[in-house]
Amino acid sequence: MIGKVKIGHRVGREVNRFKVEKHFRITITDHRMSWSRRHDRIEAEARFDGVYVIRTSLSDIKSEAAVEAYKSLSKVERAFRSIKKDLRVRPFYVSSEAHVRAHVFLCLLSYYIEWHLRQRLAPLLFEDDDREAARAGRTTPVESAKVSPDAKRKADSKRTQDDFPVHSFRTLLDDLSSVGLNSVSLSNQVPSELMVVTTPTKLQDKAFQLLGVNPSQTVPIRMTG
Amino acid sequence: MAFNIESIPNQANIPAILLRQSWREGSRIRKKTIAILSKLPAKVINDFRTILKGGIAVSDVSQLLKINRSLHHGHVIAVLATARRLGLERLLHRQLSRQRQLAFAAIISRVLAPDSKLATSRRLSPETANTSLGALLELGTVAGNELLDMLDWLLKRQPWIERSLAKKHLQDKTLIRYDVTSSYLEGKSCPLAAFGYSRDGKKGKKQIIFGLLCTPEGCPIAVELFSGNTADPSTVASQVEKLRKRFGINRIALVGDRGMVTTARIREQLDPAGIAWISALKSTELRKLAQPPRNPNAEPALPPLVPEALVPDAVAEITSPDFPGGTPDGRSQSPLAGRTPTQTGGIVAANQTDIGTNCRFRSCRHVDRQS
């Protein structure tokens with residue numbers, strides 16, 4: 001590559017990509033470019049490695065609680081992930097401002113249900129259902145978060161405590177969906193329609209139990225069409 | 001006249017099984033044997049009996065039952081029961097109406113299988129349903145346009161619903177989490193859509209921004225949409241408004257990241273509204289703390305922050321006049337700040353004195369990231 005401008009453009013592309021130009025001294029001539037580290041600046045920056053400062057106007061909470069509160073912002077990120085991936089906020093399929101606003105609000109309400117479902121179904125999911133033990137695993141909230149021994153075992157063996165296969169939220173719902181509602185009649189007896197619910201598997205039974213649902217409850221509905 | 005199968009004892013031999021016809025003549029009952037069934041297998045004889053009693057016999061068991069229709073049901077009752085336990089129907093509207101039922105169904109349907117409005121209407125209508133949801137809610141035929149009308153209805157209900165959620169889940173002193181994200185749109189016709197900084201790194205698409213308020217546990221309370229080119233901090237004002245005026249919750253604290261709850265937002269929105277906050281310092285602000293004080297004559301002089309003096313993985317408390325919270329005179333107006341801050345432990349804190357600001361800094365050194 002020849003020419004100060006050409007080399008400059010190419011270097012500029014990398015500089016924009018990595019965003020660490022301030023730590024390098026770059027010289028470009030017509031035929032070559034050279035660089036060296038700016039040790040004074042690197043050291044000045046390294047002094048603050050791992051240091052972060054939480055500020056608050058609250059004077060009556062403990063420092064640890066403030067750090068924990070700030071770190072728990074990840075729960076909002078978690079909500080975003082669910083709304084975007086699991087509840088598929090996109091594609092919107094609507095385009096007017098009012099409809100887009102309402103659609104996102106609808107997704108929020110769906111997540112509201114999903115959040116409560118996840119809480120109740122936690123023993124069957126990869127979710128950490130023993131937060132207390134997880135919290136006890138570290139001395140200060142500054143340390144990185146730990147998983148509880150229970151959750152670790154669940155993740156390693158892919159089996160729950162009751163020896164069920166561990167599900168994700170979506171696969172558990174899919175599993176439950178195989179419990180069907182069937183309209184059944186005896187072949188040559190005309191007015192004999194019955195509503196029969198599939199007998200749940202043990203895992204499905206456990207899920208219904210966690211949610212306080214009785215699947216075999218008679219369903220007084222009419223399936224027409 | 002009646003037919004029946006009789007078993008006639010035959011001393012030591014096996015009993016005789018006879019198909020007999022019986023009728024009445026005056027007071028007498030007359031019988032006539034029509035066939036001897038003794039040689040037939042017991043099962044066939046039993047089937048004969050069943051048929052004579054008005055039952056049915058089939059040549060093939062698989063023909064016995066006819067399944068008219070099967071719908072996915074298990075996940076529907078799981079989600080429906082949870083939604084009902086949360087009182088979601090009543091949260092939507094006190095009165096039962098078609099719109100309320102449609103909104104309720106659409107919300108549940110999105111948990112079960114997120115899809116477009118038209119697809120959702122297909123899933124709910126009896127003719128095309130694949131789950132029992134529509135039948136359980138007795139919706140009847142649902143048209144795609146009905147769901148669009150429902151969206152208009154839902155938007156009008158949004159402030160009311162969010163206020164109910166806030167009342168249910170937020171108490172005094174709750175530390176509310178707030179953050180925003182972006183989501184891109186394929187089309188260009190939405191007035192909210194605009195080119196802006198994409199939080200997902202999506203290029204070349206118009207996007208919208210939405211901000212979410214959550215409880216400390218992560219339960220969602222409220223969402224608000226902004227034009228796609230809105231910067232994080234500029235969304236704070238409307239949230240402050242929402243918390244103070246619409247939810248009517250006074251003693252509340254907002255937790256936002258350093259890019260959201262910035263010094264300017266604290267000064268201009270949160271402090272005037274009296275909302276307490278937890279945020280973090282940006283790296284430039286952090287460096288400012290380590291610089292010698294700009295005005296060395298200030299009393300008492302504060303030594304700069306020495307990052308090396310911080311204990312790894314521990315929390316230290318510091319205060320600094322450079323980043324005050326509350327009002328300019330340093331007195332607390334924050335409704336949660338019940339008492340003046342006390343200086344506790346920490347190496348940095350030990351070197352510093354409280355100069356009357358109500359702002360405290362928590363400084364931590366993280367051992368994992370130490371170079």
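Every chain is numbered from 1, with letters handed out A, B, ... down the list of sequences. The basis for the numbers below is simple: all heavy atoms, side chains too, and nothing from hydrogens, waters or symmetry mates. Note that the structure is predicted; figures quoted are calculated from it, not measured.
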Which atoms of B/Ala193 come close to chain A, meaning under 4.5 Å heavy atom to heavy atom: side chain ones, backbone ones, both, or neither? neither
With a 4.5 Å cut-off on heavy-atom pairs, point out which of A/His116, A/Glu114, A/Gln119, A/Glu45 contacts chain B the most. A/His116
Salt bridge between A/Arg101 and B/Glu224, side-chain N to carboxylate O under 4.0 Å? no
Please check: side-chain N/O of B/Ser132 versus main-chain N/O of A/Leu181, any donor-acceptor pairing under 3.5 Å? no
If I measure from the heavy atoms of chain A, does B/Cys219 come under 4.5 Å with its side chain, its backbone, both, or neither? both
Quick check for you: among B/Ile161, B/Thr215, B/Thr141, B/Leu270, which has the greatest number of heavy-atom pairs under 4.5 Å with chain A? B/Ile161
Interface residue of largest heavy-atom contact number with chain A, from B/Leu91, B/Thr181, B/Leu112, under 4.5 Å: B/Thr181
Pairwise distance CG(A/Leu106) to CG(B/Leu154) - rounded to 0.5 angstrom: 5.5 Å
Option in A/His103, A/Gln204, A/Arg138 with maximal non-hydrogen atom pairs under 4.5 Å from chain B: A/His103
With rounding to the nearest 0.5 angstrom, report the OG to CD1 distance, A/Ser177 to B/Ile77. 11.5 Å
Describe, in one word, how the ring planes of B/His169 and A/Tyr112 are oriented to each other, choosing from parallel (under 30°), tilted (30 to 60°) and perpendicular (over 60°). perpendicular
For the interface with chain B, which of A/Glu77, A/Glu68, A/Arg78 has the highest count of heavy-atom pairs at distances below 4.5 Å? A/Glu77
Checking heavy atoms, do the side chain of B/Leu212, its backbone, both or neither come under 4.5 Å from chain A? both
Please classify the contact between B/Glu186 and chain A as side chain, backbone, both or neither, with a heavy-atom cut-off of under 4.5 Å. side chain
In the structure I gave you, are the side-chain heavy atoms of A/Tyr52 and B/Leu286 within less than 4.5 Å of one another anywhere? no
A/His99 versus B/Leu148, closest heavy-atom pair with distance: NE2-O, 3.5 Å
Do A/Arg55 side-chain atoms and B/Ile278 backbone N/O form a donor-acceptor pair below 3.5 Å? no
With a 4.5 angstrom heavy-atom cut-off, which part of B/Leu165 approaches chain A: side chain, backbone, both or neither? side chain
Of A/Leu176, A/Val197, A/Asn182, the residue whose pairing with B/His73 passes side-chain contact (heavy atoms from CB on, under 4.5 Å): A/Val197
Just how far is it from atom OG of A/Ser95 to atom NZ of B/Lys188, taken to the nearest 0.5 Å? 13.0 Å
Is it the side chain or the backbone of B/Tyr184 that comes within 4.5 Å of chain A heavy atoms, both, or neither? both
Does B/Thr82 use its side chain to pair, donor to acceptor, with the backbone of A/Leu117 at less than 3.5 Å? no
Pair count under 4.5 Å, heavy atoms only, with chain A: among B/Ser183, B/Ala113, B/Ser125, highest is B/Ser183
So, the part of A/Arg120 with a heavy atom under 4.5 Å from chain B: the answer is side chain
Validation row: B/Ser279, A/Thr56 side chains within 4.5 angstrom (heavy atoms): no
Are side-chain heavy atoms of A/Val184 and B/Lys66 found at a separation under 4.5 Å? no
Search all heavy atoms of A/Phe80 against all heavy atoms of B/Asp179 and return the closest pair with its distance. CZ-O, 3.3 Å
A/Tyr70 versus B/Asp257: any side-chain heavy-atom pair under 4.5 Å? yes
Heavy-atom nearest pair, B/Val111 first then A/Ser110, reads CG2-O, 3.5 Å
Using non-hydrogen atoms and a 4.5 Å limit, figure out which bit of B/Leu92 sits close to chain A: side chain, backbone, both or neither. side chain
Heavy atoms of B/Ala83 and A/Ile113 approach each other most closely as CB-CD1, 3.7 Å
Which one of A/Ile83, A/Leu210, A/Leu108 has the most heavy-atom pairs closer than 4.5 Å to chain B? A/Leu108
Chain A shares the most heavy-atom pairs under 4.5 Å, among B/Ala222, B/Ala129, B/Pro216, B/Ser116, with B/Ser116
Interface residue of largest heavy-atom contact number with chain A, from B/Gly134, B/Ser283, B/Ser109, B/Gly256, under 4.5 Å: B/Gly256
Among all residues two or more places apart in sequence or in another chain, which pass the side-chain hydrogen bond (donor to acceptor under 3.5 Å, both in side chains) test with B/Lys202? none
Is there a donor-acceptor contact under 3.5 Å from the side chain of B/His72 to the main chain of A/Gly180? no
Using modelled atom types and a 3.5 Å cut-off, is there a donor and acceptor pairing between side-chain atoms of B/Arg110 and backbone atoms of A/Leu87? yes
A/Glu97, part contacting chain B, at a heavy-atom distance under 4.5 Å: both
On a heavy-atom basis, the closest approach of A/Ala69 and B/Val255 is O-CG1, 3.6 Å
Please determine whether side chain to side chain donor-acceptor pair (under 3.5 Å) holds for the pair A/Asp174 and B/His75, giving the CA-CA distance in whole Å, both sets of side-chain angles, and the decisive distance to 0.1 Å. CA-CA 7 Å; A/Asp174 287 347; B/His75 60 337; over 6 Å; no
Would you say B/Arg157 and A/Phe105 make side-chain contact, with heavy atoms under 4.5 Å? no
So, the side chain of B/Arg258 versus the backbone of A/Val53: is there a donor-acceptor pair under 3.5 Å, distance only? no
Counting only heavy atoms closer than 4.5 Å, note whether A/Asp175 contacts chain B via side chain, backbone, both or neither. neither
Per-residue contact mode, A/Phe208 against chain B (heavy atom under 4.5 angstrom): side chain
Not counting sequence neighbours, which residues clear salt bridge (Lys or Arg N to Asp or Glu O under 4.0 Å) with B/Asp200? List them please. A/Lys84
Members of residues 16-24 of chain A whose heavy atoms come closer than 4.5 Å to chain B: none
What part of B/Ile208 gets closer than 4.5 Å to chain A, counting heavy atoms only: side chain, backbone, both or neither? side chain
Which residues from residues 163-170 of chain A are near chain B, with near meaning under 4.5 Å between non-hydrogen atoms? A/Phe169, A/Arg170
B/Ala103, B/Ala78, B/Pro220, B/Cys190: which one forms the most heavy-atom pairs within less than 4.5 Å of chain A? B/Pro220
